[in-house]
There are 2 protein chains.
Amino acid sequence: MKRNSDLQAHRMLKAAKLYCTKVRIAILKVLMKTDKPLSQEQIAQRSGKKRFDKVTIYRTLESLLKVGLVHKAFIEKRAWHFELAHNCTESQCHPHFTCTNCGSTHCLIEISLPMAKSPHKGFVIHRQQVRLEGLCPACV
Amino acid sequence: MKRNSDLQAHRMLKAAKLYCTKVRIAILKVLMKTDKPLSQEQIAQRSGKKRFDKVTIYRTLESLLKVGLVHKAFIEKRAWHFELAHNCTESQCHPHFTCTNCGSTHCLIEISLPMAKSPHKGFVIHRQQVRLEGLCPACV
DNA sequence: AATATATTTGCAACTTAGTTGCAATTTTGT
DNA sequence: ACAAAATTGCAACTAAGTTGCAAATATATT
Ligand SMILES: [Zn+2]
Ligand SMILES: [Zn+2]
Ligand SMILES: [Zn+2]
Ligand SMILES: [Zn+2]
């Protein structure tokens, strides 16, 4: 009696040719359920009563990063925050917005900026990443 | 027989109503001389034979940040990199470009993207920050 | 120049995100 | 069920950045 998200996680891992392990499935499910990037610590807290070791979580995220299922979204308080890559294109993720008043961070998946154009200097731009700062609806 | 950069550092500090201390002047001079953001460690190495304590450097950068003379540009290998704020506007700094091949990072002060427009959600955007990734001239 | 006050500096100790090595366990294909 | 390949958990480690506090320095006042 597998849940929908289990199946989906399995499919994602199979497609990426990764072993379907408990940790990977648990972490994918956590990331499917959230609407904003999570740190290792937050993922650990949300991935069931039996907490996985942090080394395992970091290594799991690393494997998911390598196959492109997950992205490092941003760093906050010295901790990387991770999210599924499904709201991103090849050349850019959606912007992340942090409120300077309350500190909350949001994914603004509706916004997309034109890609930067390198001005004749020989730089070839493959990806761009945008961070925004300002006031969130609750703090305006 | 003060050097030009000393005078300029003094002027910047006076204008910001900060004490003109040896460390502040030394760090401002280091940042004036470089063309890319530096970490605490790199600043320490470049600020003269008598290395300043890292706590002092962090606190000095903090004071310069607070008055807006310096910005945190990006994090790399878990270390923040700092630069003078003089190539930035109120609402955005220039983009920083990192080469995925050789790992070098460059300030692309010629590029500027239009500001993101918040889509009717109540988010008020004050600043934006762009990170770029691709191949540098040496690696194309 | 000497003094008083406010600020900054350096040191030692600490915090914590993330990493490394290795043995034990789990996944997968046969 | 078995063997090979990959993953997991643990303990110990690394290193960026922080905290508390006493000593040193910058500035303003006499
Ligand atoms: Zn807010
Ligand atoms: Zn996001
Ligand atoms: Zn390069
Ligand atoms: Zn720059």
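Owing to the predicted nature of the structure, the values given are computational and were not obtained by experimental measurement. Residue numbers start from 1 in every chain, and the chains themselves are labelled A, B, ... in the order their sequence lines are given, proteins ahead of strands.
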Handout entry: N-O pairing of B:Arg51 and B:Glu41 below 4.0 Å
Key = yes
Fill in the blank from the handout: What residues 42-63 of chain B contributes to the DNA chain D interface at heavy-atom separation below 4.0 Å is B:Lys54, B:Val55, B:Tyr58, B:Arg59
Exercise for the section: Could you identify which residues of residues 71-81 of chain A place a heavy atom less than 4.0 Å from some atom of DNA chain D, listed by residue number, or say none? Expected result: A:Arg78
Could you work out, with side chain to side chain donor-acceptor pair (under 3.5 Å) as the rule, every residue matching [X], not counting sequence neighbours?
X        : value
B:Gln8   : none
A:Glu83  : A:His94, A:His96
B:Ser63  : B:Arg24
B:Arg131 : B:Thr98

Problem - Bend angle of the helix from C:dA1-D:dT30 to C:dT30-D:dA1, from helix axes over five pairs at each end, nearest 10° - result: 40°
Point-to-point distance, once rounded to the nearest 0.5 Å, from [atom1] of [X] to [atom2] of [Y]:
X       : Y       : atom1 : atom2 : value
B:Ile43 : B:Leu38 : CD1   : CG    : 5.5 Å
B:Leu64 : B:Leu13 : CG    : CG    : 6.5 Å
A:Ile57 : A:Ser39 : CD1   : OG    : 9.5 Å

Handout entry: Leading and trailing nucleotides of DNA chain D with any atom under 4.0 Å from heavy atoms of chain B
Key = D:dA16 to D:dT27
Practice task
Look at the rings of B:Phe123 and A:His106 and say which category their plane angle falls in: under 30° parallel, 30 to 60° tilted, over 60° perpendicular.
Solution key: perpendicular
Exercise for the section: Would you confirm whether B:Lys54, through its side chain, and B:Gln40, through its main-chain N or O, come within 3.5 Å as a donor-acceptor pair? Expected result: no
Problem - Those residues that, when tested against A:Leu65, pass side-chain contact (heavy atoms from CB on, under 4.5 Å) (two or more places apart) - result: A:Glu62, A:Val70, A:Lys72, A:Phe82
Practice task
Indicate whether the side chain of B:Gln128 and that of B:Ser91 have a donor and an acceptor atom separated by less than 3.5 Å.
Solution key: no
Problem - Of all pairs that satisfy ring-ring contact (aromatic ring centres under 6.0 Å, His included), the ones with a partner from residues 13-71 of chain A, not counting sequence neighbours - result: none
Exercise for the section: Could you state the atom-to-atom distance from CG of A:Leu65 to C1' of C:dT19 in whole Å? Expected result: 15 Å
Fill in the blank from the handout: For A:Leu69 and A:Ala16 the tightest heavy-atom approach is CD1-CB, 4.3 Å
Practice task
List, by chain and then residue number, the residues other than B:Val55 in its hydrophobic cluster (Ile/Leu/Val/Met/Phe/Trp/Tyr, side-chain heavy atoms under 4.5 Å); write none if there are no others.
Solution key: none
Practice task
Check DNA chain C against residues 17-39 of chain B and give the residues with a non-hydrogen atom under 4.0 Å, in numerical order.
Solution key: B:Tyr19, B:Thr21, B:Val23, B:Arg24
